[in-house]
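Shown next, in structure tokens, is the structure this report addresses.
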2 protein chains.
Amino acid sequence: MSGPDTIRPKRLSRAEAKLRTRELLLESAARTFARKGFGGASVEEIAESAGFSVGALYSNFANKEQLFLELMSARATSRVTEASEILEEGNLGETDPLAALGRMLADVADLDIDFAPLQAEFWLYAVRNPHVLDTVAARMRESREALQRLIDATSRRAGTDLGVPSETVATVVFALLQGLVRQRRLDPGSVPPELFSQALRWLFTGLEESA
Amino acid sequence: MSGPDTIRPKRLSRAEAKLRTRELLLESAARTFARKGFGGASVEEIAESAGFSVGALYSNFANKEQLFLELMSARATSRVTEASEILEEGNLGETDPLAALGRMLADVADLDIDFAPLQAEFWLYAVRNPHVLDTVAARMRESREALQRLIDATSRRAGTDLGVPSETVATVVFALLQGLVRQRRLDPGSVPPELFSQALRWLFTGLEESA
DNA sequence: GTCTATAAACAGATAGAC
DNA sequence: GTCTATCTGTTTATAGAC
């Protein structure tokens, strides 16, 4: 009768091992789908890049599509939400939140090279497959809401009234930043890191003006 | 010795017929790549959707990739350039160019359902294949320049100084509009048609303010 | 739970008929 | 110049060994 791992807590239980396998496969899937696309990535490639065989993959996921969908649900927009939360908590009053947000986005564009392609792949899958469109749209809304909270907090602190629902503002800011990240990937010279915060500043100046 | 088609001008010469075949194949490729992606679209599907067989396709294009690249070169950004030119010529002083541009973009998002997915597919291909990145970036620059000319003309007419190079402004406007078009595809309710021109107005108000 | 081996379907690309 | 038939490699997915 082997009890719980009291002697060697490092050894993983079967359930933990399987969860870890899933985790590794999802990470590998993110990399591979980002670099090759849904159609271009093979399940064998994904499995081997994670250090497993196809069998292990199919023991954890029903098929290629379900693996993709699960990955999408897990991190469709997690990075943005994450970022917004960091800004929300970390910069309560100290530095310029717009500048911080801009810097961070430029970093995402440059350092997390799989992020934008993966987002694009998710978006494409959503617009091509009506039955998952609502799910992706909902995830996107979560990110937008995170951004919206940040905008609310910032304008409240500054004592300014934007004159329009912050939901609308968040939508525009979200679109702007996403567009700039993509353009920077294509032609870094045309989108210097400062442009992110600069563009935001123009937008908010205009908003306050028209309030 | 058969001379030129003097009797029945409707009959196409072999060269014309081949050109027409290429044209039809490219159109079909645009539809199919937009709906299924590069990896998901099969050459057979593309050929048959155009009313031809695979043989005809391979007689006109070296392979699937070259077909895709040729399509990309042909219309990577033609729609935007087109649109800018229409606005540039058509609205010399009459209506609000910002409102017209916004309306048009909303229409593109709603009516030309293959446009945005195809753009996304091109972008993905470019960031995944370094050897075509410069080509796509160059095409994108052409569109940006068209937009820039429109902005220049508009601000000149209005007698305002933007305070920043119009190249920079065009980059930001371009990113903003692209982001809104994509977001509208995902969740039309969050991006009403008026938002396109409204967002542009905020941006330009802020720009003029900071000049 | 994961691996190896394999089945079954499909893709891209070519050759020869017309 | 286009079509039909086919070759070849690769893909997804499964079955059975460990």
Side-chain angles (χ1 to χ4, degrees), chain A residues 2 4-5 8 10-29 31-33 35-72 121 125 128-129, chain B residues 2 4-5 8 10-72 121 125 128-129:
Chain A
S2 56
D5 295 329
R8 305 173 69 177
K10 279 182 180 175
R11 175 149 288 159
L12 270 48
S13 75
R14 271 120 299 182
E16 287 170 327
K18 179 152 197 184
L19 221 93
R20 172 154 172 73
T21 300
R22 277 181 68 91
E23 211 59 45
L24 289 170
L25 283 169
L26 281 169
E27 266 178 55
S28 169
R31 256 199 322 275
T32 315
F33 283 136
R35 282 139 144 91
K36 307 268 190 97
F38 179 76
S42 75
V43 288
E44 189 179 16
E45 195 177 1
I46 294 171
E48 280 179 2
S49 166
F52 297 95
S53 62
V54 275
L57 191 152
Y58 277 99
S59 136
N60 281 280
F61 302 94
N63 50 40
K64 187 183 174 181
E65 185 180 41
Q66 207 227 25
L67 168 61
F68 183 73
L69 291 176
E70 202 141 323
L71 175 67
M72 182 156 69
E121 204 70 36
Y125 198 90
R128 284 171 186 158
N129 302 85
Chain B
S2 56
D5 295 329
R8 305 173 71 177
K10 278 183 181 176
R11 174 150 289 157
L12 270 49
S13 74
R14 272 120 298 180
E16 285 170 327
K18 180 153 197 185
L19 221 92
R20 172 156 172 72
T21 301
R22 277 181 68 92
E23 212 59 45
L24 288 170
L25 283 169
L26 281 169
E27 266 178 53
S28 169
R31 258 198 321 274
T32 316
F33 283 136
R35 284 145 148 85
K36 307 267 189 100
F38 179 77
S42 76
V43 290
E44 190 179 14
E45 196 177 0
I46 294 171
E48 280 178 3
S49 166
F52 297 95
S53 62
V54 276
L57 192 152
Y58 278 99
S59 133
N60 280 280
F61 301 94
N63 51 40
K64 188 183 175 183
E65 184 180 40
Q66 207 227 24
L67 168 61
F68 182 73
L69 291 176
E70 202 142 326
L71 175 67
M72 182 157 68
E121 204 69 36
Y125 198 90
R128 283 172 186 156
N129 301 87

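The shortest distance between the side-chain N/O atoms of Ser42(B) and the OP1/OP2 oxygens of dC10(C) is not below 4.0 Å. OP1 and OP2 of dT14(D) both lie 4.0 Å or more from every side-chain N or O belonging to Asn63(A). For dG1(D), the OP1/OP2 oxygens have no side-chain nitrogen or oxygen of Lys18(B) closer than 4.0 Å. OP1 or OP2 of dA13(D) sits under 4.0 Å from a side-chain N or O of Tyr58(A). Residue Thr21(A) has a polar side-chain atom (N or O) positioned under 4.0 Å from OP1 or OP2 of dT2(C).
Residue Glu45(B) forms a salt bridge (Lys or Arg N to Asp or Glu O under 4.0 Å) with just one option from Lys36(B), Lys64(B), Arg35(B), and that option is Lys36(B).
Closest approach of Arg31(B) to Ser49(B), counting heavy atoms only: NH2-OG, 2.8 Å. Of all heavy-atom pairs between Ala47(A) and Leu25(A), the closest is CA-CD2, 4.0 Å.
Residue contacts shown for Ala41(A) are limited to sugar-phosphate atoms, with no base heavy atom under 4.0 Å away.
Computed from coordinates, the Ile46(A) CD1 to dT10(D) C1' distance equals 15 Å when rounded to whole Å. Distance, Leu67(A) CG to dT11(D) P: 16 Å, rounded to whole Å. Regarding Glu16(A), its CD atom lies at a distance of 18 Å from the C1' atom of dT2(C), rounded to whole Å. At whole-Å resolution of the value, CD in Glu23(B) and P in dG1(D) are 17 Å apart. Rounded to whole Å, atom P of dG9(D) lies 19 Å from atom CD of Glu45(A). Between the CG atom of Leu25(B) and the C1' atom of dC3(D) there is a distance of 13 Å, rounded to whole Å. Here the P atom of nucleotide dC3(C) and the CD atom of Glu48(A) are 10 Å apart, to the nearest Å. Residue Phe61(B) contributes atom CZ, which lies 14 Å from atom P of dG1(D) at whole-angstrom precision.
Side-chain proximity of Phe52(B) to the nucleotides dA13(D), dC3(D), dT4(D) is greatest for dC3(D). Checked against dT2(D), dG12(C), dT14(D), the side chain of Ser59(B) finds its nearest nucleotide in dT2(D). The side chain of Ala56(A) approaches dC3(C) more closely than any other nucleotide in the set dC3(C), dT2(D), dT4(D). For Glu44(A), taking side-chain heavy atoms from C-beta onward, the closest of the listed nucleotides dC3(C), dA13(D), dT11(D) is dT11(D).
Ring geometry for Phe33(A) versus Phe38(A): interplanar angle under 30°, hence parallel rather than tilted (30 to 60°).
Counting heavy-atom neighbours within 6.0 Å of Glu44(B) CD, excluding the residue itself, gives a total of 12 or less.
Ranked by how close their nearest DNA chain D nucleotide is to the 5' end, Gly40(A) and Val54(A) are led by Gly40(A).
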